[in-house]
Structure formats: structure tokens, C-alpha cells
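Below is one structure; the comments refer to it alone.
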Amino acid sequence: MIELKNITKVYKMGNETVRALDDVSLKINDGEFVAIIGPSGSGKSTMMNVIGCLDKPTSGEYWLNGKDVSRLRDDQLATVRNRNIGFVFQMFNLLNRSSALRNVELPLRYGGVHGHDLYKRSVDALDSVGLKDRVRHRPVELSGGQQQRVAIARALVTQPSLLLADEPTGALDSHTGEEILRLFRQLHEERGLTVVLVTHDMNIARHTNRIVAIKDGRIESDVS
Ligand SMILES: Nc1ncnc2c1ncn2[C@@H]1O[C@H](COP(=O)(O)OP(=O)(O)O)[C@@H](O)[C@H]1O
Ligand SMILES: [Mg+2]
């Protein structure tokens, strides 16, 4: 479970300070499918980075699976991240010279998995996003939607309980974007995966079960 308690994040740029998150409290239960929506600059990515343990809040507490992770050291945060969380980004962030399979294998290799186990788990992850027949393709040989599916397989291959996606459809046309949302819904329904995605697009957010709207670093509404 995710619980943000009075989270504030302040960025200092010279003399100027930006309050990217301003006293945000939010609870997300295991197995929820949630969209965080808001205009550009509203604090969505900052919130995602805090939830994903990529960044620490300036103040407040962040409880993840019953543990306050807001004061952990960077290496401890990395461990929490690697064990629990899969990430998907707008620009896919794939290695362009490597095959789909190689890209998906990477997080497992870092975790010391090798041999047949490495191969089988990676092919299974690609199969679960509908790309079993594309394992040898490189990103340039795939469509945008297929590249995002490879990125989703890479996020899932370590079997995280939480999938975080920051503008996952931002680089896709609206039809392909909706396909990606259907895939998230399927993963959420079949595996009980908690899915939290950030978007500025209501047509994407409406595919989820709960919409949290933020503006100027504050939660404006929270509708299930
Ligand atoms: N690393 C940073 N350093 C300074 N200011 C930042 C940084 N990241 C974000 N900001 C500022 O914080 C605010 C929220 O940014 P962000 O969370 O990226 O918004 P969104 O994802 O909703 O577009 C913006 O005003 C942005 O300029
Ligand atoms: Mg953003």
C-alpha cells in the first residue's frame, strides 16, 4: 500500500524556490488502478518520483508496504525500488542497438539471473504483452506501441507489485495510447497489479478506476 502523509517537495533554483508538491496526502491500496492527472508543471512527475522512490520529499512521510521510506539512504531506496516497483516512461527508454529480448533481460541480469531462467522469464514477459513473435526485433524495427510494450515487459519481468507509468501514452497516437491502457487494465485485472499512471489527457485517465487531479502541487479532486 502507498500512503503519502503531508508530503512537500521544494526545489531551489538560485534565489527561487518552487513548491512542486504542497502538503499532499494520498492513500492508494494494493491492486488499485489509478490515474494522476493535471496540467503541465502541476507536480505529476514529482509525485511519481516520490512514489517510485526515485526522489525524496522535503518533508512529510511516505509509507510503502507498511514502512516509512521517506528517510532512507539512496542505496536503501534503490533496494526498495528494485524489489517492488516497475517503471514505464513516455519515451520508452529502450537500448536501441539491443533486441526486445535483450532489453527485457536487463533488469534480471542486474539481479544475477542467468541461463535458461533468464531466457524463459524474459520471453514470458514479452508474451504477456503480446510480443512473443518480436523477441529478436530491435526498437527501430518496432512501432511506437510495440516499443512501449517492450518497455512494459521490461518493467514487469522482475514481478513488481507496483507499476508506475509517467505519461506512457505521450509519444503515441490516441488509438495506440488506448491500446496501451487496455494492456494496463488487463495486467491489473489478471495479476492484481497496482497501476499508477500520470497523464495530462482525460481520454487516457478515464480508462482507470480512480482519477486524482492535481494542480499547483495540491490535490484538487479524487474521484473513484
Ligand atoms: N529538478 C527540478 N529542479 C527544479 N524545479 C523542478 C525540478 N523538477 C520539477 N521542477 C518544477 O516543479 C514543478 C512541477 O514539475 P513536474 O513535477 O515535472 O510537473 P508535471 O510532471 O506535472 O509537468 C514545475 O514548476 C517544475 O518546473
Ligand atoms: Mg511530468
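All ligand and atom numbering here is 1-based and tracks the order in the structure. Model, not experiment: these values are computed from the prediction.
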Can you establish whether the number of heavy atoms outside R185 located under 6.0 Å from its atom CZ is more than 12?
-> yes
Is the count of non-hydrogen atoms from other residues, nucleotides or ligands lying under 6.0 Å from R83 atom CZ greater than 12?
->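 At most 12 heavy atoms, drawn from other residues, nucleotides or ligands, come within 6.0 Å of this atom.
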May I ask you to identify the nearest protein heavy atom to [atom], giving residue, atom name and distance to one decimal place in Å?
| atom | value |
| --- | --- |
| atom 23 (O) of ligand 1 | G41 N, 2.7 Å |
| atom 26 (C) of ligand 1 | V18 CG1, 4.7 Å |
| atom 16 (P) of ligand 1 | T46 OG1, 3.7 Å |
| atom 18 (O) of ligand 1 | S45 CB, 3.7 Å |
| atom 12 (O) of ligand 1 | A20 CB, 3.4 Å |
| atom 9 (C) of ligand 1 | Y11 CE1, 3.4 Å |

2.8 Å cut-off met by an N, O or S atom of T46 to the Mg ion (ligand 2) |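 So T46 does not bind the Mg ion (ligand 2) by this criterion.
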Decide yes or no for L197 and L164: does some side-chain heavy atom of the first lie under 4.5 Å from some side-chain heavy atom of the second?
->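 They are not in contact (no side-chain heavy atoms under 4.5 Å apart), so the answer is no.
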Does T58 reach the side chain of Y11, with side-chain heavy atoms less than 4.5 Å apart?
-> no
Would you say G43 touches ligand 1, if touching means a heavy atom closer than 4.0 Å?
-> yes
Are P39 and ligand 1 in contact, using a heavy-atom cut-off of under 4.0 Å?
->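 Checking ligand 1 against P39, which is what was asked, there is a heavy-atom contact under 4.0 Å.
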Between T199 and D201, a side-chain donor and acceptor under 3.5 Å |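 No, D201 and T199 have no side-chain donor paired with an acceptor closer than 3.5 Å.
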With a cut-off of 4.0 Å, which atoms of ligand 1 are near a heavy atom of S40?
->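 Atoms satisfying the 4.0 Å criterion: 23 (O).
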With heavy atoms and a 4.0 Å threshold, my read on which part of M48 contacts ligand 1 is neither
Which of these, L142, N93, L131, sits in a side-chain contact (heavy atoms from CB on, under 4.5 Å) with Q147?
-> L142
Is a side-chain N or O of D166 found less than 3.5 angstrom from the main chain of S45, in a donor-acceptor match?
->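 No; judged by distance alone, with no hydrogens or angles, the pair does not exist.
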Could you label the plane-to-plane angle of the Y119 and H116 rings as parallel, tilted or perpendicular, counting under 30° as parallel and over 60° as perpendicular?
-> tilted
